[in-house]
Amino acid sequence: MREITYAEAIREALRQEMQRDPHVFLMGEDIGVYGGAFGVTLGLLEEFGPERVRDTPISEGVIAGAAAGAALTGMRPVAEIMFMDFTTLAMEQLVNQAAKTRYMFGGKAKVPMVLRTPAGSGTGAAAQHSQSLEAWFVHVPGLKVVMPSTPYDAKGLLISAIRDDNPVIFVEQKLLYRTKGPVPEEPYTVPLSVAEVKRAGRDVTIIATGVMVVRSLAAAAKLAQEGIEVEVVDPRTLKPYDAETITKSVIKTGRVLIVHEAYKTCGFGAEIAAMISEGPAFMYLNAPIRRLAGLDIPIPYNRTLEYHAVPQEENIITAVRELMAYK
Amino acid sequence: MREITYAEAIREALRQEMQRDPHVFLMGEDIGVYGGAFGVTLGLLEEFGPERVRDTPISEGVIAGAAAGAALTGMRPVAEIMFMDFTTLAMEQLVNQAAKTRYMFGGKAKVPMVLRTPAGSGTGAAAQHSQSLEAWFVHVPGLKVVMPSTPYDAKGLLISAIRDDNPVIFVEQKLLYRTKGPVPEEPYTVPLSVAEVKRAGRDVTIIATGVMVVRSLAAAAKLAQEGIEVEVVDPRTLKPYDAETITKSVIKTGRVLIVHEAYKTCGFGAEIAAMISEGPAFMYLNAPIRRLAGLDIPIPYNRTLEYHAVPQEENIITAVRELMAYK
Amino acid sequence: MDGAGQLTKEKLIDMLRKMHTIRAFEEKADQLFALGKVHGTMHLSIGMEATAVGAIAALRPDDYITSTHRGHGHCIAKGGDVKLMMAEFLGKETGYCRGRGGSMHIADVESGNLGATGVVGGGIPTAVGAALSVQLRKTGQVVLCFFGDGAANMGIFHESLNLAAIWKLPVVFVCENNQYAMSMPVARAFPIENIADRAAAYAMPGKVVDGNDVLAVYAAVAEAVDRARAGEGPSLIECKTYRWKGHSKSDQERYRTREEVAAWKKKDPIARFEAYLLQEGLLTEEQRQAIAKEAQERIEEAVAFAESSPEPRVEEISEGVYA
Amino acid sequence: MDGAGQLTKEKLIDMLRKMHTIRAFEEKADQLFALGKVHGTMHLSIGMEATAVGAIAALRPDDYITSTHRGHGHCIAKGGDVKLMMAEFLGKETGYCRGRGGSMHIADVESGNLGATGVVGGGIPTAVGAALSVQLRKTGQVVLCFFGDGAANMGIFHESLNLAAIWKLPVVFVCENNQYAMSMPVARAFPIENIADRAAAYAMPGKVVDGNDVLAVYAAVAEAVDRARAGEGPSLIECKTYRWKGHSKSDQERYRTREEVAAWKKKDPIARFEAYLLQEGLLTEEQRQAIAKEAQERIEEAVAFAESSPEPRVEEISEGVYA
Ligand SMILES: Cc1ncc(C[n+]2csc(CCOP(=O)(O)OP(=O)(O)O)c2C)c(N)n1
Ligand SMILES: Cc1ncc(C[n+]2csc(CCOP(=O)(O)OP(=O)(O)O)c2C)c(N)n1
Ligand SMILES: [Mg+2]
Ligand SMILES: [Mg+2]
């Protein structure tokens, strides 16, 4: 199959959905001629024109709020917030309005919008351009949260998100934009709220999100050489997440490592650990549930410090070995 | 000892700190002649004048941001956001600026501010005036998060928060404002990041926050009549929290119930459950770790639905009994 | 009074009827509250009926509105059913929002009422988004966006007006300046006298009108609606008015004097409109009384409907979070 | 050129020196980037040196500034040490922020530089808060708040200017309008011609100046600073200028033409200031060359300092989160 990048896969999903459904349109800062800060929307302005590919002024609040208002009245906006750090400016509209409208209105309205935003460190952009704030959105009823780790998933999940009738926060991974993988040319969907076992194994379950899926798979390949068979589960949708697939894997392996880039305290990993330890997998555990996550510090600028602020392949390998020490 | 309400205790802390330190001042919506939406600041305008008790226009962003700016330049502002739901409008300033300034600037600056905000449901105010969003702030390095459950703690923790050199989110409980308890007249501090065992017991550890401490204590009293001895631990500070006190209690009892009002998924309870299940208490557990939290729904208006949206005393009793069924 | 020229007698009488209905609805709401029949909060617009009714009179039935925490009047003026409103107010399953929303969240998206919101300013970008939707779908609708003086100091007001202006969206921003945001008087919250003057910052027309004069409100909004419908973009209209009641149930009103309230009560928009209609021979005294009486009756029926309606079922508490 | 009247020859020469230092610093930064010596991003203000230097020349040493993502110029103009800046740029332990902040977060709170921020508009309320602090502490300081044209469409701009206005805070808002926010031209982002006209919405003086004329910037800001220091409240000054380089390292500049850039390069603020000083006999050609050369040398020294400085220690990665 043809291989394209994660960024191209996202662009293709946008293009194909815009071709299919005239209600789909894009809005955000510098998404037109500039193509977005990471070039994801390059070429779409030329293809669809400025009515449907709308550059906005810097005003994240109204970007989110107007997307919700347009969604409430029949459109399917895909809004972009240039860095996930700046969703901080849109929380009122996302959390109090978009997420709650349907319930508050007695289930009689819907808000089919997608908010795309790139997250993560590793680009030397320091504390205000490197955050992974998905846990906040996972905490909010009414929102869905998606975080793809491969080009294939990125395209299929984005198409699902656009077709979904709820507000979806679509968290893209900066460090994955240029990674390549097989992606069908025709439109297809990857269902929301279905996790995928990216690698099967019997000894340890790694539950990883986003770029950490890639690092976990690399770690798993090395660990296999030592005879340790790691199963890597990628939730893909973080809200509502697929507890069943995770639980099944944990029951099989009895050992759990959760890996994410976001700050450890009250991150998504806390939720997964809590879910496991209150659920049916609890009694199958052979070792404490281990979380490997970003340090609880703002992302530092210095390259070496930045590297050490979030989990790397070698940290995953070490953590798995430590888990294997429990008999 | 004299008994006063939770609201009065907060007011007294503000008054005494303003008397002690001319750098302390208040800003927020309707905190002057109106006394704040819940009357907490009543009388302070008369005592300290409009220079130090500053009514602001409705503009949560600049309330938080100006407080941070004033703190950075030598003052000790205590800002109020009228409902925790509206901190959504101040996230950029709180999370990207106030919380990160010190680290980003190489540890060479400090932002000694307090942001007071009332949280919780139970007042019939529906989805946009009833949230408990503390988990978001717990996720953010650089912030401290405090949530008192008694008048005594409210006063002592607020004084500590004002004297602390970091930005502190001080989460007040609407339903506790009128509860009374013993409070010394003189200023005193309750240290941040120190949990308190509010009731000792050997069978089950309940870790509860805010108004849920009160409900847990009531439940514990009833359960004692059945011979079940519940230990109730109140973290009081949620970030950085006191893992040691919690761990000690869990090692003693082997059974854990975590109770909070906030939405369950990715709430503070997830963090506590994860901490326990990755730490030394894990091997002492006799039962799965149980979370009892708000449903993952926007708070409904209807009184009965609202009641059932968050944990009540009877739910706590049932959950404890279920935990006791594990041998 | 001015601007009645374009309005038929029928329409004028309908406007009066709506003003009475709003007044009656809110007086009843106040009573129910006092009787302890309501759990929660509410915000009454008694004394402000002319802004809701005058503004919405300028709309087509298929146009949109966004409302505020003080939204009963907007809903009634848009043709809302007081039975469903009252049921919502009492938290019943038959209410507009199945009892999940309450006073602060009444909405009827089908009929173009995009809903009240409890967050000050929270509905302004919603209106901008709806106007964008209209522009993209080319339906010729217009969006009327209500908000208070307090909202005009929020960041989202600024972002929203700017976006509407650069994209020439069909939205009319109607600021109901009732002199206070809770306890904060406009004179302290604003460095300028007229909020409408902020329109200049977005190159849109800005107009101040007497918000207690239903026909003046109508005329100003009608002009702005025409402009919006013609593709010429948004406008900002400031209606100067006053709320007679406290901000919400728990207000001690320490921030204003009784004299001030009394002075504004003399400017009752309903009495004023009636006097005009009587004087112009468009209304008789009997009709006037009948209209007021019918309004009361409609509200009594609504209360009966609401009180006899079922409560939401606890088993359905989680319904409607996701579509 | 205008406004030089109040300035001594010494001060004028110092201003020129600073403009050269900024230019040299940023040209070197650009080179280091091209050589792959820098990990991260940066935003260059080459072509905009007059706004930073002209505005800050109007301050007392103990006054405050808040800066932006495009902040090297502000820092140098405020008297920042280019050694510590360059070390920060290279992420070294000796940098202003111990290598934790980088180009976008250089700060020196001690000396009154309250720091650059990576969030557009993020520093505006900081400035308002610092001005409030000054007012409460009665120190007579003034706060200069820099931000771009893009920031002027953000909600926080509106909230901040309103608060500063009603409280008459000693803050001067300096908008560096360099014609673009990333790829967004002001003509598309704003419905009005002059951002300074928004001052009227807050009843504060608003003034447009030629941002490439260092003395015009100085004069306008000096007037506003005097006003602020006298307790008469804030002002908004819009400096029309241009950035010569791309928005950041990765900019393809598809949104503007080479001709446009070339036309603005002809308006080089440094060359213009030099021509004025030469013409007025305040500067000789030898001095001019010496100043430019010294600036280069200072930057070379800074690079040497930075490059020979130690990296932060990984063991200290968690230091400085909490006080
Ligand atoms: C963002 C936000 N901040 C504060 C509040 C609390 N609050 C509710 S109504 C109100 C005053 C609103 O004033 P205005 O916009 O003038 O409307 P009015 O109540 O006068 O109709 C306040 C402060 C809120 N609901 N939302
Ligand atoms: C809130 C926010 N939104 C978006 C960005 C991404 N961004 C960085 S600089 C910039 C353009 C800023 O334009 P302007 O304020 O005119 O300053 P300039 O870069 O022209 O100096 C953008 C969109 C950001 N840093 N912060
Ligand atoms: Mg008002
Ligand atoms: Mg610019």
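Note that the coordinates shown come from a computational prediction; the quantities given were computed from them, not determined experimentally. So that the names make sense, note that chain A is the first sequence line, chain B the second, and so on, each numbered from 1.
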Contacting moiety of D:Y96, where chain B heavy atoms sit under 4.5 Å: backbone

Could you list which of [range] have a heavy atom closer than 4.5 Å to any heavy atom of chain B, in residue-number order?
range	answer
residues 154-169 of chain D	D:I156, D:E159, D:S160, D:N162, D:L163, D:I166, D:W167
residues 62-91 of chain D	D:Y64
residues 109-116 of chain D	D:V109, D:L114, D:G115, D:A116
residues 120-136 of chain D	D:G122, D:P125, D:T126, D:V128, D:G129, D:A130, D:L132, D:S133, D:Q135, D:L136

Flag side-chain contact, heavy atom, 4.5 Å: B:M104 against D:M104: no

Per-residue contact mode, B:Q97 against chain D (heavy atom under 4.5 angstrom): side chain

Atom group of B:I63 that falls short of 4.5 Å from chain D, counting heavy atoms: neither

Intermediate values then yes/no, side-chain contact (heavy atoms from CB on, under 4.5 Å), D:Q141 and B:T73: CA-CA 11 Å; D:Q141 292 158 287; B:T73 52; over 6 Å; no

Give the member of [options] that has the highest number of heavy-atom pairs under 4.5 Å with chain B.
options	value
D:P312, D:C97, D:G95	D:C97
D:V143, D:I106, D:I317	D:I317
D:H105, D:R98, D:E319	D:H105

Among [options], who wins on heavy-atom pairs under 4.5 Å with chain D?
options	result
B:P57, B:G106, B:A71	B:G106
B:K110, B:E51, B:H23	B:E51
B:L143, B:N96, B:T56	B:L143

Inter-residue atom distance D:T117.OG1 - B:K100.NZ, 0.5 Å rounding: 10.5 Å

Closest contact, heavy atoms only, D:V321 versus B:Y103: CG2-CD1, 3.6 Å

Heavy-atom closest pair, residues D:Y322 and B:G142: OH-N, 3.2 Å

Enclosure of D:E316 CD (heavy-atom neighbours >12, cutoff 6.0 Å): yes

D:K249 atom NZ: more than 12 heavy-atom contacts under 6.0 Å: yes

